[in-house]
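The structure under discussion appears below in the form of structure tokens.
We number each residue from 1, following the sequence as shown. If you're wondering where the values come from, they're calculated on a predicted model, not measured in any experiment. One-based numbering, in listed order, for ligands and for the atoms of each.
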Amino acid sequence: MQHPLRIAPSILAADFARLGDEIAHVEPHVDWLHIDVMDGHFVPNIAVGIPVIASLRPRSNLVFDCHLMISNPEFYFDALRTAGADQVTIHLEVAPDPTRAAQQARELGLRFGIVINPNTPVAAAEPFLEIADVVVLMSVHPGFGGQSFIEATIAKIEELRKLVDLASLPTDIQVDGGVGPANAAAVVRAGADVLVAGSSVFKAPDPVAAIKEMRAVEGR
Ligand code: DX5
Ligand code: ZN
């Protein structure tokens with residue numbers, strides 16, 4: 001069953017020189033904070049890491065949703081947990097069988113999720129729906145913010161929603177990349193529970209208004 005909508009702004013689009021203030025501004029209006037962790041191997045870019053998460057932790061009560069676009073993600077779970085992560089999501093493309101990683105995350109008290117890239121079929125994630133608190137469908141190729149939403153993701157969301165509901169699983173469906181007020185309704189209608197939104201929030205003239213617009217799509 002689809003859960004109440006949660007919005008997870010992605011700090012990748014924020015002004016890193018004012019990161020704490022940017023988060024504080026949106027915090028009352030959102031649910032999770034999406035933190036893109038990159039290593040320059042799995043994706044051709046480098047973003048924030050463990051010390052930044054540790055600095056932000058005392059300044060925010062949001063769920064820290066750490067999207068790990070890195071090789072050997074499970075090696076970092078312990079340090080991420082200590083720094084303040086609440087949830088880690090790892091790519092099936094680096095961990096084709098995430099069963100052990102899911103166990104390791106849970107033992108540390110982390111929520112666990114799997115992510116699939118635009119070119120990876122939903123069928124690849126199907127065997128692991130039960131061990132995932134969240135399944136993330138990338139709606140852009142990972143590595144950079146500000147890209148356009150890949151429309152074919154809508155059919156993948158619908159397909160995943162059916163699988164999750166058929167098995168009566170509580171698994172959240174999260175959609176990441178190019179999401180904003182213009183397409184939030186379609187993404188939620190297709191079955192998403194959690195919207196990641198970077199540029200459409202932090203690059204908007206009024207981030208709070210953009211969030212409210214996305215929230216208003218629920219029930220439409
Ligand atoms: C892309 C990241 C996304 C990105 C989303 O690799 O995983 O979380 O920050 O940014 P927008 O919303 O700008 O596409
Ligand atoms: Zn992300």
> Taking a hydrophobic cluster as the set of Ile, Leu, Val, Met, Phe, Trp and Tyr residues connected by side-chain heavy atoms closer than 4.5 Å, whether directly or through intermediates, do Leu19 and Val37 fall within one such cluster?
Replying inline: yes

> With hydrogens left out, which residues have an atom under 4.0 Å from ligand 1, given that only heavy atoms count?
Replying inline: Ser10, Leu12, His34, Asp36, His67, Met69, Met138, Pro142, Gly143, Phe144, Gly145, Gly146, Asp176, Gly177, Gly178, Val196, Ala197, Gly198, Ser199

>> Just to be sure I understand the site: which N, O or S atoms from the protein are less than 2.8 Å away from the Zn ion (ligand 2)?
In response: His34 NE2, Asp36 OD1, His67 ND1, Asp176 OD2

Which atoms form the tightest heavy-atom contact between [X] and [Y], and what is the distance?
X     : Y      : answer
Ala13 : Lys203 : O-NZ, 3.0 Å
Ile70 : Asp39  : CA-OD2, 3.3 Å
Glu27 : Asn61  : OE2-N, 2.8 Å

>> If you count heavy atoms of other groups shown closer than 6.0 angstrom to CZ of Phe42, is the number above 12?
In response: yes

> Counting only heavy atoms not in Glu130, do more than 12 sit closer than 6.0 Å to its CD atom?
Replying inline: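 Check fails, neighbour count at 12 or below.
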
> Knowing that exactly one of Ile114, Asp193, Leu163, Leu92 qualifies, which makes a side-chain contact (heavy atoms from CB on, under 4.5 Å) with Val135?
Replying inline: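 The passing option is Ile114.
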
> In chain order, what residues pass the salt bridge (charged side-chain N to carboxylate O under 4.0 Å, His left out) check against Arg100, with sequence neighbours excluded?
Replying inline: none

> What side-chain hydrogen bond (donor to acceptor under 3.5 Å, both in side chains) pairs are there with at least one residue in residues 173-182, not counting sequence neighbours?
Replying inline: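 Those involving residues 173-182 are His34-Asp176, Asp65-Gln174, His67-Asp176.
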
